[in-house]
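Here the structure comes first, spelled out in structure tokens, and everything after it is commentary.
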Amino acid sequence: MNRCTRAVIYKDNLKYNLEQIKKYVEPGVKICVAVKADSYGHNAVLTSRLAQEMGIEFLAVATVDEAIELRSNNITAQILLLSLCTPEEMTDLFKYKITPVVFGKDFLEILIQKSNEFYKGDEKFDVHLAVDTGMGRIGCYPEEAQEQAILINNSKHLRLGGMITHFAVSDSLKKENQDFTRRQFEAFKSAVQSVKDKGINPGICSCGASAALLNNTDMHFEMVRPGIITYGYYPDEITKNHLLSVHKEFDIKPVLSFETKVVAIRHFPAGKTISYGCTYECKEDTDIAVLPVGYADGLLRRFSPGLEVTINGKNYPVRGRICMDQCMVEIGNNNPDVKLWDKAVIFGPSESGALNDAEVLAKIGNTISYEVLTSISKRVEKIIV
């Protein structure tokens, strides 16, 4: 591909972030790097290879197909499937050695049946029991964990390899939300203990994604599951400044830049309107740079008004509505600093020349950096440098 609109992945920054995570957790605590959604738009195969080379034992995906892609690229680390699969996909779990999160008698009974059909000897297949402690998504309730662990334990081929829960508001510093996280943690501990009380090894227990990993170090259990921090962004209110205020140091760098080029510069007289809906009218004579990037690439329509794009070390405002494939940027009248074919960076690390990161766009669009990163579409080529 030769299109100028592209995403550039800074491999050294990715490695730096993984190193910071390894330093932050206590020795013996396993790390499960979230590489779902193509590593939040950062190339899952690249991230997985780096993690594997650095001795990280687990990777987390959301779909069976994501796991198969990793196996097809010689990724041998353990892969944890965080979302439920269908009965039609279960054979692939065994075939590609994908560890699923499981819960519910109906689901487990089907999985047990499928495992009995697949395995001929005494092989054991690890599963992680999901416990819903307050997220309200997937998982058995804490009081059901013992019974479901027994069901797993009594099966011929399944083995309880771990227990897992997910926090709903651990990225918030509000007292009521931190209290809620603490209650979730205690409920999970209770569920784990109830399984131990039956003489069943609960395996590798994990509850801490990026926010709890950073802010609640007593909740690390046997494994942590970093997601957004792998790619250079802090989880909501658990910022670098907050961590410093509580005497914790954790530094990360954005990994991906989203960039394009100036493909046209046009002079607009005062009073001329720009883009669909005529929502912006030029207040004075000015020049407009046209950029071949739009919401079909992941530059969401709601980023305008408010978005500014960096060209040669200065930010310039997007004017009018962002179109499907293009947007327009006001650069001022006869600006010698912006020329045809100059690079325009929407967001990225400092190495890219960007003055914005994904968090800036998230605030403009009333969303989170996760959505900004994963919205970059498949027609945008990703370059590794």
Side-chain angles (χ1 to χ4, degrees), residues 9 14-15 17-18 21-22 25 29-103 107-108 110-112 114-115 118-119 123-131 137-139 152 155 157-166 202-210 213 220-231 370 374:
I9 298 162
L14 178 58
K15 185 177 181 181
N17 295 342
L18 289 170
I21 294 166
K22 288 190 71 175
V25 300
V29 175
K30 298 182 187 299
I31 296 171
C32 178
V33 176
V35 297
K36 60 182 182 171
D38 197 28
S39 279
Y40 296 28
H42 291 71
N43 191 314
V45 173
L46 169 68
T47 306
S48 300
R49 283 180 180 153
L50 260 182
Q52 189 169 275
E53 289 168 7
M54 296 172 67
I56 291 170
E57 298 178 51
F58 276 83
L59 305 165
V61 299
T63 71
V64 172
D65 284 345
E66 287 178 342
I68 292 173
E69 180 190 18
L70 297 185
R71 291 289 186 241
S72 300
N73 282 276
N74 301 314
I75 301 300
T76 58
Q78 298 185 65
I79 300 176
L80 188 62
L81 178 66
L82 296 177
S83 302
L84 297 178
C85 65
T86 64
E88 292 77 16
E89 294 174 302
M90 287 178 177
T91 299
D92 281 337
L93 298 178
F94 313 130
K95 180 179 177 182
Y96 292 98
K97 296 181 171 57
I98 306 164
T99 303
V101 298
V102 301
F103 81 99
F107 184 92
L108 282 169
I110 295 170
L111 187 62
I112 290 168
K114 295 286 187 181
S115 69
F118 185 86
Y119 293 112
E123 298 96 331
K124 286 290 187 180
F125 177 75
D126 281 356
V127 299
H128 285 217
L129 179 62
V131 183
R137 193 165 59 184
I138 64 170
I152 293 166
S155 66
H157 296 293
L158 300 188
R159 175 173 53 210
L160 187 59
M163 294 178 66
I164 184 171
T165 196
H166 193 63
I204 301 167
C205 298
S206 68
C207 58
S210 290
L213 185 163
H220 284 182
F221 264 106
E222 288 88 21
M223 185 165 74
V224 291
R225 309 189 306 268
I228 195 67
I229 57 176
T230 306
Y231 309 107
Y370 308 66
T374 59

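Computed from heavy atoms alone, side chains included, the values below leave out hydrogens, waters and symmetry copies.
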Looking at [X] and [Y], what are the two nearest heavy atoms and their distance?
{"X": "V101", "Y": "F107", "result": "O-CE2, 4.5 Å"}
{"X": "L158", "Y": "I112", "result": "CD1-CG1, 3.5 Å"}
{"X": "F221", "Y": "C205", "result": "CB-O, 3.1 Å"}
{"X": "G227", "Y": "A34", "result": "CA-CB, 3.8 Å"}
{"X": "L160", "Y": "I152", "result": "N-CG2, 3.6 Å"}
{"X": "D38", "Y": "A44", "result": "OD1-N, 2.8 Å"}

### Validation row: E66, I79 side chains within 4.5 angstrom (heavy atoms)
no

#### Entry: Heavy-atom side-chain contact between V33 and I21 under 4.5 Å
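Not in contact.
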
Working to the nearest 0.5 angstrom, can you tell me the gap between [X] [atom1] and [Y] [atom2]?
{"X": "I75", "Y": "L59", "atom1": "CD1", "atom2": "CG", "value": "7.0 Å"}
{"X": "L46", "Y": "K15", "atom1": "CG", "atom2": "NZ", "value": "11.5 Å"}
{"X": "E69", "Y": "S48", "atom1": "CD", "atom2": "OG", "value": "8.5 Å"}
{"X": "D126", "Y": "I98", "atom1": "CG", "atom2": "CD1", "value": "13.5 Å"}
{"X": "L84", "Y": "M90", "atom1": "CG", "atom2": "CE", "value": "8.5 Å"}
{"X": "H42", "Y": "T47", "atom1": "NE2", "atom2": "OG1", "value": "7.5 Å"}

### Task
Could you tell me which residues satisfy side-chain hydrogen bond (donor to acceptor under 3.5 Å, both in side chains) with N43, sequence neighbours excluded, listed by chain and number?
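Not a single residue meets the side-chain hydrogen bond (donor to acceptor under 3.5 Å, both in side chains) criterion with N43.
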
### Summary
Residues passing the side-chain hydrogen bond (donor to acceptor under 3.5 Å, both in side chains) test with E57, sequence neighbours excluded, are K30

### Task
Could you list all the side chain to side chain donor-acceptor pair (under 3.5 Å) pairs where at least one residue sits in residues 80-103, not counting sequence neighbours?
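For residues 80-103: T86-E88, T86-E89.
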
### Query
Who are the side-chain contact (heavy atoms from CB on, under 4.5 Å) partners of D65, not counting sequence neighbours?
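If we apply the side-chain contact (heavy atoms from CB on, under 4.5 Å) test to D65, skipping adjacent residues, the hits are T63, I68.
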
### Query
side-chain contact (heavy atoms from CB on, under 4.5 Å) with S206: which residues, sequence neighbours excluded?
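Per chain and number, S206 pairs via side-chain contact (heavy atoms from CB on, under 4.5 Å) with I164, M223, R225.
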
### Message
Once ring-ring contact (aromatic ring centres under 6.0 Å, His included) is applied, what residue pairs with a partner in residues 55-95 remain, sequence neighbours excluded?
### Response
F94-F118, F94-Y119, F94-F125

### Task
Determine, step by step, whether I229 and N17 satisfy the side-chain contact (heavy atoms from CB on, under 4.5 Å) criterion, reporting the C-alpha distance in whole Å, the side-chain angles of both residues, the deciding distance to 0.1 Å, and the verdict.
CA-CA 7 Å; I229 57 176; N17 295 342; over 6 Å; no

